[in-house]
Structure formats: C-alpha cells, structure tokens
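Heads up, the thing below is written out as structure tokens.
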Number of protein chains: 2
Amino acid sequence: MPIVAGMGDEVFKALADPTRRKILDELAERQGQTLFEICSRLSTKHQIGLSRQAISQHLAVLEAAGLVETRREGRYKFHDLNTGPLERITDRWIRREPPESHR
Amino acid sequence: MPIVAGMGDEVFKALADPTRRKILDELAERQGQTLFEICSRLSTKHQIGLSRQAISQHLAVLEAAGLVETRREGRYKFHDLNTGPLERITDRWIRREPPESHR
DNA sequence: TTGATAGGCAAGCGGCAACTTGCCTATAGT
DNA sequence: ACTATAGGCAAGTTGCCGCTTGCCTATCAA
C-alpha cells in the first residue's frame, strides 16, 4: 500500500467545499502559487473575501487529500495541483462496457 | 440547458458523506432496491445501523444530486443509480494531453 | 538589528448537516 | 373494516466544519 495520501474519504471531503474547488481551479490555471497569491486571486477574480487563515486551512485539507502538493523555498511556500487522486475516484461506480465483444 | 439535476455543487455535497457512498455502492451492485432493502443491506453487510429516516434523507440528497432516480410502483419505491453526473465532474481539473501532435 | 513580509498554531464562535423521535399518509392483505 | 407494511413530514438535538481572532515563528531587506 502506498504512503501517499488521497486514497480514502479525504478526497471527497476536500471536494465538498466550493471554495476549495475554486482553489483547485486557480491552481489548475496556474501552478506554484503562494498562499497570498491564491488569496488575492480568489478575492479579485471570484469575490471570495476570506481571511488568509481560512484559505490556509482549506489548503491544508486539500494537501491532506493529496490534491495539493507543496514545496518550500526560503520564506515562500508554493502550491501545486495534483490531479492524481481525482483520476479514479468515480470508477468505483461507473461500469465501463467492454468496448466491443470482438465477435 | 437540460432540466436534469446534478449539474452543480450538489453532486460534490452528495458524495461527501461515507454512508451515501455506501448506498451508491449498494445500488451499483443491485439496481432497483427499496428503502427497506437498502437499510437492511447497509446494516448486515456494512454494520451501518442507521434509522430508516436517516437512510431516506440520504437518498433524498442523492436524488437531488441526480445520482439516484426513483420509480414508484404501488407502495414500493425503487431506487436506481444514475452514474451520469459522475462522468465528467473531475474533467474540470484534469488536463488531457492531446494524444499525439501528428508529426 | 529592526521592520516588513510569508506563513503557522490554537482557541473560540456560529451555522449547518446528520441523526433521532414522533406522528402521519398510502397501499395491500385478510 | 382492520392491520401490517412501505414510505413521508417535521421538529429537536448534537457534533462537526468553516471562519475569525490573536499571537507566534521564520526569512529577507534596509
């Protein structure tokens, strides 16, 4: 079993909040943003006027779910979207037809 | 724009609860179950000892999200899984590489 | 070294969601 | 008609989640 997070219920919990989904949108559009960048972008582009700590807590949830990965450089912490945990979470219920029974 | 539900945030909300995901599991395994069938199956197979009303409320959430559809026959109400809303909810963040730049 | 910037920790508050409880309606069997 | 079964409605409780507030640490620039 892998050590990576995001294999359990945390992914669903993380996706449940609309602000967190907006954060994923932002990171999908531009990787490697800092906390303050994400804050100002959410504020200006999406009229989400939350405090820095609120966004920080959201990022922590996303990171616990494995949807966001971080790297530190000096006093900056850059956030990157990781779509890995998203790829197969719905396969649990979607029954794929075998494309063609070859005769 | 279609009249069907499940195009908004309700799908994520519905998927956030582990009991609701188990219900989807059950319906994926066997379509057309009644409320009481779902209750007893959750209880015996998954040790989920919730009241009938609790399950009923969960089903209402799933139906509002478009993940479950119902049909009435006499005093029975049958529940069917609809995977439609699941198919594209993650495409929002997953960037598909164009398969091959031809030459 | 001082101040400014980027971020972290933890306690506290308010609202909502999950669950229960009690009662009610509708269909089917006897 | 009466009873049992399948389900619905609505109010009340509890616990958790999102958010704020206040204070603290770390890095960099002057």
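A note on names: the letters A, B, ... follow the listed sequences, proteins ahead of strands, and every chain is numbered from 1.
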* Structure fact -> The nucleotide from dC19(C), dT5(C), dG7(D) with an atom nearest the side chain of A54(B) is dC19(C)
* Asked: Taking for each residue the nucleotide of DNA chain D with the nearest heavy atom, is it E73(A) or D17(A) whose nucleotide lies nearer the 5' end?
  -> D17(A)
* Identify, with sequence neighbours excluded, every residue that meets salt bridge (Lys or Arg N to Asp or Glu O under 4.0 Å) alongside K77(A). => none
* Choose from dC23(C), dG7(C), dA18(C) the nucleotide whose nearest atom is closest to any side-chain atom of Q53(B). => dC23(C)
* Asked: What is the distance, rounded to the nearest whole Å, between atom CG of L35(A) and atom P of dC9(C)?
  -> 13 Å
* Figure out the CZ/P separation between R71(B) and dA6(D), and round it to whole Å. => 16 Å
* Asked: Out of dC19(C), dG22(D), dA4(C), which nucleotide sits closest to the side chain of R75(A)?
  -> dA4(C)
* What's the CZ-P distance between F12(B) and dA17(C), to the nearest Å? -> 17 Å
* Structure fact -> To the nearest angstrom, the OH-P distance between Y76(B) and dT27(C) comes to 13 Å
* **Protein-nucleotide distance (L59(A), atom CG; dG18(D), atom P), rounded to Å** => 13 Å
* Within a reach of under 6.0 Å around CZ of R88(A), are more than 12 heavy atoms found that belong to other residues, nucleotides or ligands? -> no
* Asked: Does a side-chain N or O from H58(B) land closer than 4.0 Å to OP1 or OP2 of dA17(C), or not?
  -> no
* Per Q57(B) side chain, nearest of listed nucleotides dC23(D), dG22(C), dC19(C) -> dC19(C)
* Asked: Side-chain N or O of R52(A) less than 4.0 angstrom from OP1 or OP2 on dT20(D)?
  -> no
* Taking the side chain as C-beta and beyond, is there a heavy-atom pair between L67(B) and E63(B) under 4.5 Å? -> no
* Asked: Taking only N and O in the side chain of S56(B), is any of them less than 4.0 Å away from OP1 or OP2 of dG7(D)?
  -> no
* Joint hydrophobic cluster, L50(B) plus L24(B), side-chain heavy atoms closer than 4.5 Å -> yes
* Structure fact -> Side-chain atoms of L50(B) come closest, of dC19(D), dG7(C), dT20(C), to dT20(C)
* **Shortest side-chain distance from F36(A), nucleotide among dG18(D), dC17(D), dA6(C)** => dA6(C)
* To do: Report yes if a side-chain nitrogen or oxygen of S51(B) is closer than 4.0 Å to either non-bridging phosphate oxygen (OP1 or OP2) of dT20(C); otherwise report no.
  => yes
* To do: Look at T34(A) and dA6(C) and indicate whether a side-chain polar atom (N or O) is within less than 4.0 Å of OP1 or OP2.
  => no
* **Proximity to the side chain of K77(B) - top-ranked nucleotide from dA4(D), dA6(C), dG8(D)** => dG8(D)
* How close or far is atom P of dC16(C) from atom NZ of K13(B), stated in whole angstroms? -> 10 Å
* hydrophobic_cluster_shared for F12(A) and V61(A), side chain cutoff 4.5 Å -> no
* Can you find an N or O donor on one side and an acceptor on the other, under 3.5 Å apart, linking the side chain of R72(B) with the base of dG7(D)? -> no
* In terms of the nearest nucleotide of DNA chain D, which residue is placed more toward the 5' end: T19(A) or H79(B)? -> H79(B)
* To do: For R20(B) and dA18(C), give me the distance from atom CZ to atom C1', rounded to whole Å.
  => 8 Å
* Asked: Got a sec: does the CZ of R95(A) have more than 12 other heavy atoms crowding it under 6.0 Å?
  -> no
* Give the rounded distance in Å between these two atoms: CG of D9(A) and C1' of dC17(D). => 16 Å
